[in-house]
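Just so you know, ligand 1 is whichever comes first in the structure, and atom 1 is the first atom listed for that ligand.
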Amino acid sequence: MVIRAARESDLPGVFAIYDREVLHGTCTFDTVPKTEAERLEWFRADGGGRYPILVAEEAGRLAGWARLYQWSPRPAYARAAENAVYVDVAFRGRGVGRALMDELLRLAYAAGIRVVIARVVEGNPASRALHEAMGFTTIGVMHQIGEKFGRVLDVRMMERVVE
Ligand SMILES: CC(C)(COP(=O)(O)OP(=O)(O)OC[C@H]1O[C@@H](n2cnc3c(N)ncnc32)[C@H](O)[C@@H]1OP(=O)(O)O)[C@@H](O)C(=O)NCCC(=O)NCCS
């Protein structure tokens, strides 16, 4: 498996993985797939490399992706970022998420990010386990903060200090 920077040509594969969760899962609170133009905007919002997008490729197939997002536009929050990590169903439970997160945290540190935040919906044991395995700890739980498919959802805030 190769972990590398995402290219624009990876966008169909990246969003094939993501849109499944947008349309059928509660791990993302997006509910509508992005348009072509929005995908490009998403790809280009990397803050000049500060918020990298990575893909995991195995035998020419996109197995997963991960990225950082700006946590807040307020300058004093510049040392914080939020993460996202999505693995194709066919590749789950084989260390892809961990490999993506390992590299993402390395790049975060190199870019001067010192805290990575994760928002994990309650009832997503895989994501919680992955983040805990990567050294994230729980800050707290936001109760009844979201609603998707008619279900009111709690969200666990997690953080990892990167040093
Ligand atoms: C969460 C997700 C990215 C994990 O990716 P993955 O490649 O399957 O995870 P890995 O195989 O690298 O496993 C990482 C750790 O999490 C644990 N884990 C993975 N899936 C698990 C599950 N279903 N239940 C419990 N633990 C699990 C593994 O045991 C492993 O721990 P270890 O390294 O200490 O043994 C993947 O399940 C996914 O894409 N889910 C849907 C999208 C999502 O929820 N993204 C996160 C949004 S916050």
Side-chain angles (χ1 to χ4, degrees), residues 1-6 10-34 38-39 42-43 45-46 51-72 77 80-109 113-162:
M1 181 177 50
V2 176
I3 306 289
R4 60 165 174 81
D10 293 318
L11 287 178
V14 164
F15 281 95
I17 295 171
Y18 187 61
D19 287 349
R20 182 182 183 278
E21 303 303 330
V22 171
L23 294 172
H24 306 292
T26 53
C27 59
T28 170
F29 280 14
D30 272 337
T31 58
V32 180
K34 292 194 194 307
E38 288 167 341
R39 286 180 179 190
W42 178 92
F43 179 71
D46 77 338
Y51 307 110
I53 309 176
L54 297 174
V55 295
E57 200 176 41
E58 197 171 291
R61 274 193 65 189
L62 206 79
W65 62 269
R67 81 166 298 174
L68 293 178
Y69 295 104
Q70 185 180 38
W71 170 246
S72 166
Y77 279 123
E82 182 170 13
N83 80 312
V85 53
Y86 288 82
V87 173
D88 187 307
V89 185
F91 290 89
R92 287 184 192 165
R94 292 165 46 183
V96 176
R98 175 183 268 280
L100 283 163
M101 286 291 295
D102 255 340
E103 180 62 2
L104 199 68
L105 291 170
R106 194 187 69 75
L107 292 176
Y109 184 80
I113 303 291
R114 292 295 177 265
V115 176
V116 177
I117 305 282
R119 283 184 277 186
V120 180
V121 69
E122 286 286 73
N124 184 352
S127 180
R128 183 174 170 182
L130 168 64
H131 285 92
E132 284 174 348
M134 300 308 302
F136 283 72
T137 54
T138 295
I139 303 165
V141 175
M142 298 185 290
H143 295 108
Q144 303 179 27
I145 190 87
E147 186 170 350
K148 194 170 178 184
F149 309 134
R151 283 175 57 201
V152 175
L153 299 162
D154 297 345
V155 172
R156 177 173 297 263
M157 297 280 297
M158 304 184 78
E159 70 179 353
R160 161 77 200 265
V161 173
V162 192

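Using modelled atom types and a 3.5 Å distance limit, the side chains of Trp42 and Tyr69 yield a donor-acceptor pair.
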(message) Apply side chain to side chain contact (heavy atoms under 4.5 Å, CB included) to residues Leu54 and Leu107 and explain how you reach the verdict.
(response) CA-CA 10 Å; Leu54 297 174; Leu107 292 176; 3.7 Å; yes
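When the ring pair (Phe, Tyr, Trp, His ring centres under 6.0 Å) test is applied to Phe91, no partner is found at least two apart in sequence or on another chain. Partners of Glu132 according to the side chain to side chain contact (heavy atoms under 4.5 Å, CB included) rule, which considers only residues two or more places apart in sequence or in another chain, are Arg128, Met158. Arg20 meets the salt bridge (Lys or Arg N to Asp or Glu O under 4.0 Å) test with no other residue; sequence neighbours excluded.
A pairwise comparison of heavy atoms in Gly95 and Met1 identifies O-CE, 4.3 Å as the closest pair.
Near ligand 1, residues Cys27, Val85, Tyr86, Val87, Arg92, Gly93, Arg94, Gly95, Val96, Gly97, Arg98, Arg119, Asn124, Ala126, Ser127, Ala129, Leu130, Ala133 come within 4.0 angstrom through at least one heavy atom.
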